[in-house]
Amino acid sequence: MEIIEKIQNQVTELLKDQFELELLSNQVVINKTRRDVAGDLTLVMFPFVKQLKKSPQEIGDIFSQRLSTTISEIKAIEIAGGFLNISLSDEYWNKVLKDLYHNPSFGTFPKNGKKILVEFSSPNTNKPLHLGHIRNILLGWSTSKISEAAGYKVIKTQIINDRGIAICKSMLAWQLFGEGKTPDSSNIKGDHFVGSFYVAFETHFKNEYNDWQNSAEAKNIFESESKENESYEAFLKRFKNEYFNRFSALGNQAKTMLQAWENDDPDIKALWKQMNSWVYDGFNTTYEALGVNFDALYYESDTYKLGKDIIENGLQDEVFYKKEDGSVWIDLESKKLDHKLVLRSDGTSVYMTQDIGTAQLRYKDHGVDSMIYVVADEQDYHFKVLFEILKELKEPYTDGLHHLSYGMVDLPTGKMKSREGTVVDADDLIKEVIDEARTGASDRGVLESISIEEREDIYRKIGLGALKFFILKVNPKKRMIFDPKDSVDMQGQTGPYIQNAVVRIESILRKLSDWDESLYFSYSSPLQIEKDLVKSLNEYPSEVLKAAEDKDPSIIASFAYELAKDFHKFYHDVRILKAESHSAKAYRVVLCTSIKNTLTKAMDLLGIEMPERM
RNA sequence: GGUCUCGUAGCUCAGCUGGAUAGAGCAGCUCACUUCUAAUGAGCAGGCCCCAGGUUCGAAUCCUGGCGGGAUCACCA
């Protein structure tokens with residue numbers, strides 16, 4: 001806000017003129033005044049007490065003398081201990097409201113010419129999306145919207161992990177037990193259909209392993225390969241993966257299938273395409289339900305061989321080194337990281353290799369200034385290493401690399417575990433929140449006059465609003481607890497609470513008649529609550545910038561909640577349509593319209609739609 | 001064990017580039033709908049801001065050391 005700079009500049013000039021004290025203007029600390037104290041801005045004087053060897057009262061007198069004569073927007077200044085509380089004039093705040101009311105792109109910054117690529121979702125194709133993906137998707141989507149509002153051109157992307165042993169397990173199980181069924185024939189959503197065969201594989205494999213445990217072979221292996229004092233149970237738990245690789249018939253078939261896939265076996269490729277297309281149908285339905293989409297897709301089956309040539313070049317430039325067995329490594333000890341493998345001894349890629357190649361490919365494809373990877377914090381180390389390697393390789397885009405690292409989602413009962421069946425399915429969850437909105441609305445019975453279709457659309461907006469807000473209001477970095485009961489709550493600090501503020505304004509605007517917009521600026525004595533609302537609105541653009549800078553949608557969620565809260569209070573205490581004068585009415589309608597517009601924009605940045613009624 | 005990260009009300013979370021008496025929501029207890037949508041508002045109650053030091057005029061916030069939770073340290077992804 002310009003006014004803050006004005007004050008800072010006056011103070012630094014004053015200090016220079018009168019005390020020969022040279023300060024940078026941003027060393028003059030100015031905060032918002034506390035709600036319970038009169039004033040708009042608060043200048044902190046403590047730092048000057050020592051430097052000027054004067055009391056806060058004396059400094060306050062000198063400062064306020066200067067500020068009140070040089071800055072016309074200042075109405076009053078009060079000294080309170082070490083704080084200087086500055087009140088700005090009503091005209092100033094009315095001007096602020098006027099400007100933002102007439103600015104259709106309020107809170108949306110002009111294009112800055114920079115491009116950001118945001119990667120999010122990035123599922124495996126062997127099972128449906130779950131709650132963890134939802135947090136990821138909502139964060140990715142919201143960060144994209146916020147970046148756009150802040151002036152960036154955004155390319156939303158994901159890497160689809162469509163190959164590997166996992167999808168082969170689903171494919172094999174379908175071959176063995178599928179009896180030719182399809183999602184259509186069994187009336188199951190495609191991703192769930194394929195996921196059920198993944199589960200079927202795991203079940204059959206587990207049975208096979210159990211049977212094997214009673215065999216002589218198993219006993220022999222235990223004799224020769226168990227650790228000292230290791231129980232048979234502990235051994236079996238540890239040995240499961242190795243059993244898969246060495247002894248399992250099913251494991252063997254799955255691995256054979258993976259090899260066939262890598263050798264481009266036409267039958268296997270056809271099956272793979274078929275099953276993945278079922279999965280994509282399912283994913284698309286879920287994405288659509290969540291209201292998200294992507295601009296560019298990358299498939300692991302296309303990218304998994306990338307990066308090798310970069311490693312080769314890096315080897316020549318001595319960024320990497322080769323061990324005797326032929327494996328290739330990087331030494332990042334100087335960066336307080338470790339030695340990291342980038343190419344196996346057989347010359348094949350690891351995850352890191354692919355990521356190096358994919359980063360370069362994306363830069364070539366889109367020429368972006370920045371790339372944001374929305375990936376859970378369990379991969380913090382991986383991304384530190386990846387970014388360091390890209391820096392060592394002197395890739396041109398490394399200053400713009402960001403890992404939007406978010407905490408895992410826990411349930412009140414603890415971690416989600418697929419083995420224990422505690423994973424919250426994305427589609428179930430979406431259905432549940434919409435059902436809950438429907439139940440709540442029919443209890444209230446206010447929507448009976450409108451069509452079923454419209455009503456359903458409202459339930460959808462409310463239910464998803466509740467879910468999305470519940471997840472996005474939490475700082476991404478923090479691990480969060482998802483209580484399904486709380487997530488469908490629609491009272492208090494929730495999405496529907498904010499939607500309700502907008503709905504109340506819509507209702508007023510529908511009933512509005514007999515008003516003269518031009519009168520609003522002649523309303524000369526705004527109430528405290530009205531000024532507070534204008535002040536909050538005024539902060540919206542800087543909140544957008546901060547959210548973009550921090551890549552943190554929870555900043556927008558907090559802002560929207562605070563604004564809605566002040567509005568509800570205002571609505572309760574102050575008559576709008578029956579205001580005491582025409583100018584007051586006009587002012588309040590303008591204020592309400594600005595609040596509605598701003599809340600709608602803010603919520604749009606969270607991917608939340610606003611109903612007109614609820 | 002090394003590294004990273006989190007610890008604020010019964011519960012879920014704000015506040016953290018140091019500033020006045022630490023804030024919300026939920027849950028609990030009151031109160032307010034013939035009123036512009038009560039999915040709302042007002043109130044009560046609830047806190048060694050994990051602990052101990054340090055820096056500072058001033059620390060929930062910064063630093064150090066503990067304690068507790070989580071993640072990670074694969075020729076897995």
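Each chain gets a letter, A, B and so on, in the order the sequences are listed, and its residues count up from 1.
Heavy atoms of other residues, nucleotides or ligands lying less than 6.0 angstrom from CZ of A/Arg613 number 12 at most.
If you check B/C36, B/U40, B/U21 against the side chain of A/Leu577, the one that comes closest is B/C36. Considering only the side chain of A/Val350, B/A77 comes nearest among B/A77, B/C36, B/U72. Comparing B/A71, B/C73, B/C36 by their closest approach to the side chain of A/Asp338 singles out B/C73. Distance from the side chain of A/Lys565 is smallest to B/A24 among B/A20, B/G19, B/A24. For A/Ala80, counting side-chain heavy atoms from C-beta on, the closest listed nucleotide (B/A71, B/A77, B/A20) is B/A20. Listed nucleotides B/C36, B/G19, B/A20 differ in distance to A/Phe46; the shortest reach to its side chain belongs to B/G19. Set against B/A71, B/U40, B/C36, the side chain of A/Arg479 has B/A71 as its closest nucleotide. Proximity note for A/Lys511 (side chain, C-beta onward) versus B/C36, B/A20, B/C13: the nearest is B/C36.
Rounded to a whole Å, the CE atom of A/Met408 is 15 Å from the C1' atom of B/G69. Protein atom CD of A/Gln499 is 17 Å distant from nucleotide atom C1' of B/A38, rounded to whole Å. Distance, A/Asp410 CG to B/U12 C1': 13 Å, rounded to whole Å. The separation between A/Asn245 atom CG and B/A74 atom P is 18 Å, rounded to whole Å. Following rounding to the nearest Å, A/Arg344 (CZ) and B/A74 (P) show an atom-to-atom distance of 14 Å. In this structure, the CG atom of A/Leu472 is 12 Å from the P atom of B/A14, given to the nearest Å. In this structure, CZ of A/Arg34 is placed 7 Å from P of B/U21, rounded to the nearest angstrom. We find that CE of A/Met45 is positioned 14 Å from P of B/A20, with the value rounded to whole Å.
Annotation: A/His568 is in aromatic contact with A/Tyr497 [ring centroid separation under 6.0 Å]. Between A/Phe83 and A/Phe46, the ring centre distance stays below 6.0 Å. Taking the six-membered ring for Trp, A/Phe19 and A/Phe48 have ring centres at least 6.0 Å apart.
Remark: the A/Ser554 side chain and the B/A14 base include no donor-acceptor N/O pair separated by less than 3.5 Å. Interface remark: the A/Asp489 side chain does not form any donor-acceptor pair with the B/A27 base, using a distance-only criterion of under 3.5 Å.
Across every strand in view, B/G58 sits unpaired, with no contact that passes the Watson-Crick or G-U test at under 3.5 angstrom. Across all strands shown, the partner of B/A42 is B/U30, judged by Watson-Crick or G-U wobble contacts whose two distances both fall under 3.5 Å. Of all nucleotides present, only B/C6 satisfies the Watson-Crick or G-U wobble test against B/G68, with each distance under 3.5 Å. B/G23 is paired with B/C13 under the criterion used here, namely a Watson-Crick or G-U wobble arrangement in which both key atom distances are under 3.5 Å. Under the Watson-Crick or G-U wobble criterion, with both distances below 3.5 Å, B/G18 has no partner in any strand shown.
The residue A/Pro47 sits close to a base: some heavy atom pair falls under 4.0 Å. Within the 4.0 angstrom heavy-atom criterion, only backbone atoms of the sugar-phosphate kind lie near A/Val474; the bases stay farther away. In this structure, A/Asn241 reaches neither bases nor backbone, as no heavy-atom distance under 4.0 Å exists between it and the strands shown. Among the heavy atoms of the strands lying under 4.0 Å from A/Glu300 are primed sugar atoms or P, OP1, OP2 only; no base atom is included. Residue A/Asp346 is classed as having no contact, given no heavy-atom separation below 4.0 Å to the nucleic acid. Within 4.0 Å of A/Leu343, counting heavy atoms only, lies no atom of the nucleic acid at all. Across all strands shown, A/Ala441 has heavy atoms under 4.0 Å from base atoms, whether or not it also approaches the sugar-phosphate. Looking at heavy-atom distances under 4.0 Å, A/Thr42 makes contact with a base.
Proximity of A/Lys415 to the phosphate of B/A71: a side-chain N or O atom is located under 4.0 Å from OP1 or OP2. Look at A/Tyr497 and you'll find a side-chain N or O under 4.0 angstrom from OP1 or OP2 of B/G41.
In this model, no donor atom of one side chain and acceptor atom of the other lie less than 3.5 Å apart for A/Tyr373 and A/Gln379.
Taken from CG in A/Asp532 to NZ in A/Lys569, the straight-line distance is 11.0 Å, to the nearest 0.5 Å. A distance of 6.0 Å separates CD1 of A/Ile462 from CD of A/Gln499, quoted to the nearest 0.5 Å.
Side chain of A/Ser142 to main chain of A/Leu139: no donor-acceptor pair is present (N/O by atom type, distance under 3.5 Å, no hydrogens or angles). Judged by distance alone, with hydrogens and angles left aside, the side-chain atoms of A/Asn126 form no donor-acceptor pair with the main-chain N or O of A/Val194 at under 3.5 Å.
A distance of about 34 Å separates the P atoms of B/U30 and B/U21, rounded to the whole Å. Comparing B/G18 with B/U61, their P atoms are spaced 12 Å from each other, to the whole Å. B/G23 and B/C49: their C1' atoms are spaced 12 Å apart (whole Å). A gap of 11 Å separates the C1' atoms of B/G7 and B/C51, to the nearest Å. Across B/G43 and B/A24, the matching P atoms stand 9 Å from one another, rounded to whole Å. The gap from the C1' atom of B/U40 to that of B/C26 amounts to 16 Å, rounded to the nearest Å. Comparing the C1' positions of B/G54 and B/C11 gives a spacing of 34 Å, expressed to the nearest Å. Comparing B/G2 with B/G41, their P atoms are spaced 50 Å from each other, to the whole Å.
A/Arg504 forms no cation-pi arrangement with A/Phe567, by the criterion of a distance under 6.0 Å to the ring centre and an angle within 45° of the ring axis.
For the residue pair A/Ala584 and A/Glu580, the shortest heavy atom distance occurs at CB-OE2, 3.8 Å.
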Sub-3.5 Å pairs of nitrogen or oxygen atoms, protein against nucleotides 1-11 of chain B:
from: B/G7; atom 1: OP1; to: A/Lys478; atom 2: NZ; distance (Å): 3.1

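Ring-base stacking between A/Phe83 and B/G19 is not satisfied when judged by a centre separation under 5.5 Å and a plane angle under 30°. Aromatic stacking of A/Tyr561 on B/A24: not satisfied for centres closer than 5.5 Å together with planes under 30 degrees.
Remark on RNA chain B: of its neighbouring residues A/Asp36 and A/Arg575, the 5'-side contact belongs to A/Asp36, judged by nearest-heavy-atom nucleotide. The residue among A/Leu341 and A/His572 whose nearest nucleotide of RNA chain B lies closer to the 5′ end is A/His572.
A salt bridge (Lys or Arg N to Asp or Glu O under 4.0 Å) with A/Asp410 is found for exactly one of A/Arg479, A/Lys478, A/Lys415, A/Arg135, namely A/Arg479.
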